[in-house]
Amino acid sequence: MTMSNNIVLGDNQYGKAEVRVVKVTRDTDRHQIEDLNVTSQLRGDFQAAHLQGDNAHIVATDTQKNTIYAFARDGIGSPEAFLLRLSEHFTSGFEWVTGGRWEAEAYTWDRIQAHGSEHDHSFVRKGQEVRTAVVVREGNTTHVISGLKDLTVLKTTQSGFVGYPRDRYTTLPETTDRILATDVSARWRYSTGLDLAGTDFNKSYEDIKALLLEGFTENYSHALQQTLFDMGKKVLEAHSEVDEIKFSMPNKHHFLVDLSPFGLDNPNEVFFAADRPYGLIEATVQRDDTTPAPIAWSGIAGFC
Ligand SMILES: O=c1[nH]c(=O)c2[nH]c(=O)[nH]c2[nH]1
């Protein structure tokens with residue numbers, strides 16, 4: 001076997017990670033708040049920097065951070081729209097920047113209810129899910145992937161698990177009535193032909209989140225796998241602009257406690273909520289004619 005000693009630079013990208021930006025809109029006494037964690041990574045011709053120490057093409061990560069703060073001055077709008085603005089800026093402003101990856105987490109704040117009404121400028125962090133967004137640009141192609149994580153849901157019945165193979169290591173009893181609980185992580189990719197400027201990503205997000213929650217409730221669950229598919233199918237049926245949706249969902253087991261030592265029965269009422277190990281159920285739900293977009297997904301960990 002021959003081996004080349006000609007060492008070359010492979011894939012590379014760079015930028016500023018986790019820029020925490022909070023935007024307060026204070027045109028009136030009723031303030032609004034937007035709270036993001038933004039990562040910007042540029043792709044293009046950065047060969048000279050890696051090979052010769054020539055930084056002429058290196059838009060400093062500090063400059064990328066500053067750009068994020070400067071752009072926030074004009075408002076954020078939606079995480080997706082904000083990332084699209086950044087992608088447009090860096091690819092049109094520096095001709096050797098041919099693409100990149102921009103990612104955000106968005107944290108939601110509710111107005112504090114004080115003396116019976118919503119406060120104008122005091123907020124409480126919404127304990128529910130974190131919204132996610134990714135924009136990947138390569139040449140003239142732009143991919144947008146929206147999503148959420150840590151959306152914790154539970155149902156106390158209408159779930160069971162039977163019919164699985166039994167071998168010498170199988171001890172799990174079959175059940176037709178159990179608790180089903182999970183923390184939903186989902187990411188959905190918008191079709192590449194989408195009118196990005198004309199899309200209301202905030203509305204789309206709220207609607208898809210509602211569909212995911214409804215999908216969790218609707219049918220008897222024979223397995224978390226089936227519930228996952230139900231949830232994804234609902235989203236794709238209602239949103240033609242979405243090509244595929246990926247899920248990663250832990251099966252948060254709730255074990256019935258044996259109360260018989262205390263002379264008590266336990267008709268599915270008292271459970272031990274185990275935090276580990278957990279089942280981990282992952283799948284993509286997609287249209288059968290969807291064109292795969294591996295470049296859009298690369299860099300997103302924890303999904304299959
Ligand atoms: O919904 C489930 N899916 C599984 O794959 C599985 N495996 C298991 O032990 N319990 C469950 N529950």
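Numbering of ligands and ligand atoms starts at 1, following listing order. When reading the values below, keep in mind they use all heavy atoms of this one structure, side chains included, and skip hydrogens, waters and symmetry mates.
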Fill in the blank from the handout: If we number the atoms of ligand 1 from 1 as shown, the ones under 4.0 Å from a heavy atom of Ala223 are 1 (O)
Fill in the blank from the handout: Asn251 heavy atoms within 4.0 Å reach ligand 1 at atoms 1 (O), 2 (C), 11 (C), 12 (N)
Problem - Arg111 and Asp120 ion-paired at < 4.0 Å - result: no
Practice task
Before accepting this row, confirm whether a basic side-chain N of the pair Arg131/Glu80 lies closer than 4.0 Å to the acidic partner's carboxylate O.
Solution key: yes
Fill in the blank from the handout: Of all protein heavy atoms, the one nearest atom 6 (C) of ligand 1 is Phe161 CZ, 3.3 Å
Problem - ligand 1 contact on Arg178 by region, counting heavy-atom pairs under 4.0 Å - result: side chain
Handout entry: Leu224 neighbourhood, listing ligand 1 atoms whose heavy-atom distance to it stays under 4.0 Å
Key = 1 (O), 2 (C)
Problem - Region of Leu172 engaging ligand 1 - heavy atom pairs below 4.0 Å - result: side chain
Handout entry: ligand 1 N/O within reach of Gln225 N/O, cut-off under 3.5 Å
Key = yes
Practice task
Could you check whether the rings of His119 and His121 sit parallel, tilted or perpendicular, using 30° and 60° as the cut-offs?
Solution key: perpendicular
Handout entry: Side chain Thr290, main chain Pro292, donor-acceptor under 3.5 Å
Key = no
Practice task
Look at Asp62 together with Lys65 and state whether they make a salt bridge at an N to O cut-off of under 4.0 Å.
Solution key: yes
Exercise for the section: Please determine if Lys246 and Glu282 form a salt bridge, counting it only when a charged side-chain N lies under 4.0 Å from a carboxylate O. Expected result: no
